[in-house]
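One structure below.
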Amino acid sequence: MFQLWLERDLLTKSKLKTIEERINKLDVGTGFGRLPHKIASNHGKYKASQWKKWTMIYSTYALHGLLPSEHLNCWHTYVMACRLLAVPVLSHNDLKKADMLLLKFCTQFERLYGRKEVRINMHLHCHLKECIEDYGPVYSFWCFAFERYNGILGSTCFNNRSIEIQLMRKFICEQFVLNVSLPEEHSETFTAFFNRYQTSQLSTDKVPVGSSALFHMSTHGQLGACIDWSDITYISLPSAYKRMQLDSDDRQLLAETYQCMYPDKHILPGMVGEVCRKYSSVLLGGEKIGSRWYKEDSQRELYRRPVEIWKLRSFSPAGPATFLPVQRCYCKFATAQVEVNGVEKQIVCPIQRTFS
């Protein structure tokens, strides 16, 4: 698509420069990875994972106002289908929506660019629904993890002799280090040495189980709907924290939140502790999560979904929603500051959780 826009002069040099500026302005946080600079000259070298990031996070914001509306509509249809499909937990309704969006995209594409530009992948889009029904969400069978691991193996140092044996020795050595329990009297001597193996790239990532449980907790309509909020299996707290004094208003609001979480109990503000620990972030299902309560803007839907506009440096007043179980955090977001009608505002684009 990108190459087609260039060939048909839908994207000029000045528009490409604008796209680059918007890409550089968008803050995607840690652990997600940025796109290479100068998309005009580097887009041909993008890897599949980078095109995925461009499609799902960057493109809606970066292309706003640059493509003709009918071409942007066609692309946006594809983006929304990808965002529905590229999740580890997928409902039947979302699968049907994505299938209809892909069919709509293919129809729009053929009308705009002609039958000769239609590629075999677009025909395969029409059968993706059946593949997912047979094998589960695309997370189950796409090749991103396979390609990533190939890159890790390719960057591992060997002496070009009996590489298979060397690989297996590394695996066995690392698995031994991960599973061995050191006697306390020797831990100080050997811990630093063993940590070198535990942080090796060849070690398989520890993926917590419970994707469905986390997804259910974050999306369920009712807090008190038979959910065990005391189960913090998927939550890891950092070692650094600050002690914080809760005033009477905070305790009242927190008691109201607890009452929603545990409707079968009678919870009073006096039952809530006056001192708490304040963490800047936590690890939820292996992902670093923090939170802020921004105010909605009257022009929230100025951009196309999933991009929204929120007020900058303006936060919601205190209320029961100020407190919520960490498991309710649905996703992280990419953000950028933009000027709309002379006022600085915040662009927000949700980044889907892996729930892994």
Side-chain angles (χ1 to χ4, degrees), residues 2 5 10-40 42-43 50 52-69 71-73 75-76 79-80 82-83 218 242 244 249-250 253 278-282 284 287-324 326 328-353:
F2 200 90
W5 293 333
L10 296 173
L11 291 180
T12 61
K13 289 184 178 180
S14 60
K15 290 181 178 179
L16 288 173
K17 186 175 180 180
T18 302
I19 290 174
E20 291 173 7
E21 292 173 353
R22 291 178 179 178
I23 288 175
N24 294 333
K25 188 185 295 185
L26 197 65
D27 181 8
V28 295
T30 59
F32 187 74
R34 299 194 59 84
L35 294 179
H37 295 293
K38 297 185 178 179
I39 191 172
N42 288 331
H43 72 274
Q50 292 169 333
K52 173 173 167 280
K53 294 170 186 176
W54 157 258
T55 300
M56 299 176 62
I57 305 299
Y58 291 90
S59 65
T60 303
Y61 163 59
L63 293 172
H64 180 74
L66 300 181
L67 283 177
S69 59
H71 292 269
L72 195 57
N73 287 338
W75 175 251
H76 181 254
V79 171
M80 293 308 297
C82 290
R83 289 186 65 90
S218 66
K242 293 181 179 179
M244 180 179 172
D249 291 336
D250 287 334
L253 295 174
K278 182 179 180 180
Y279 296 90
S280 59
S281 61
V282 299
L284 177 61
E287 290 186 277
K288 190 176 182 180
I289 297 291
S291 65
R292 283 188 178 182
W293 298 97
Y294 291 103
K295 282 186 177 180
E296 292 188 29
D297 191 87
S298 58
Q299 295 178 299
R300 179 176 174 178
E301 298 182 359
L302 179 64
Y303 285 73
R304 298 166 186 267
R305 292 180 60 197
V307 176
E308 299 177 352
I309 293 182
W310 289 71
K311 290 184 178 180
L312 184 65
R313 303 185 188 91
S314 181
F315 303 98
S316 297
T322 303
F323 300 95
L324 85 166
V326 176
R328 293 291 285 178
C329 293
Y330 180 66
C331 69
K332 297 189 287 187
F333 61 87
T335 181
Q337 295 181 18
V338 297
E339 188 173 302
V340 181
N341 299 328
V343 179
E344 284 288 326
K345 299 187 179 183
Q346 182 169 243
I347 291 291
V348 170
C349 181
I351 299 176
Q352 284 108 320
R353 290 267 310 282

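Fair warning: this is a prediction, and the values are worked out from it, not measured in the lab.
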Do [X] and [Y] have side chains that approach each other closer than 4.5 Å (heavy atoms only, starting at C-beta)?
X      : Y      : value
Pro306 : Met56  : no
Leu11  : Ile19  : yes
Val340 : Gln299 : yes
Met80  : Arg305 : yes
Thr60  : Cys349 : no

* More than 12 non-hydrogen atoms from neighbouring residues, nucleotides or ligands closer than 6.0 Å to CD on Glu301, yes or no? ->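 At most 12 heavy atoms, drawn from other residues, nucleotides or ligands, come within 6.0 Å of this atom.
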* Asked: Does a sphere of radius 6.0 Å around CZ in Arg300 hold more than 12 heavy atoms from other residues, nucleotides or ligands, not counting ones at 6.0 Å or beyond?
  ->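 Result for CZ/Arg300: enclosed.
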Rounded distance (nearest 0.5 Å) linking atom [atom1] of [X] with atom [atom2] of [Y]:
X      : Y      : atom1 : atom2 : result
His64  : Ser59  : NE2   : OG    : 13.0 Å
Tyr303 : Glu308 : OH    : CD    : 13.0 Å
Ile57  : Ile351 : CD1   : CD1   : 4.5 Å
Phe333 : Asp27  : CZ    : CG    : 9.0 Å
Gln50  : Tyr58  : CD    : OH    : 9.5 Å
Leu67  : Asn73  : CG    : CG    : 10.5 Å

Of all the heavy-atom pairs spanning [X] and [Y], show the shortest one and how long it is.
X      : Y      : result
Lys295 : Trp310 : O-CE3, 3.1 Å
Val28  : Ala334 : CG1-CB, 3.9 Å
Lys25  : Gln337 : CD-O, 3.2 Å
Glu339 : Glu344 : OE1-OE2, 3.7 Å
Pro68  : Leu10  : CG-CD2, 4.0 Å
Ala336 : Tyr61  : CB-OH, 4.1 Å

* Asked: Do the ring planes of Phe2 and Trp54 sit parallel (below 30°), tilted (30 to 60°) or perpendicular (above 60°)?
  ->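 Aromatic pair Phe2/Trp54 classed perpendicular.
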* **Chi angles and distances behind the side chain to side chain contact (heavy atoms under 4.5 Å, CB included) call for Leu302, Lys345** => CA-CA 12 Å; Leu302 179 64; Lys345 299 187 179 183; over 6 Å; no
Main-chain N/O of [Y] paired to [X] side chain as donor or acceptor, under 3.5 Å:
X      : Y      : value
Thr18  : Ser14  : yes
Lys15  : Leu66  : yes
Thr335 : Ile347 : yes

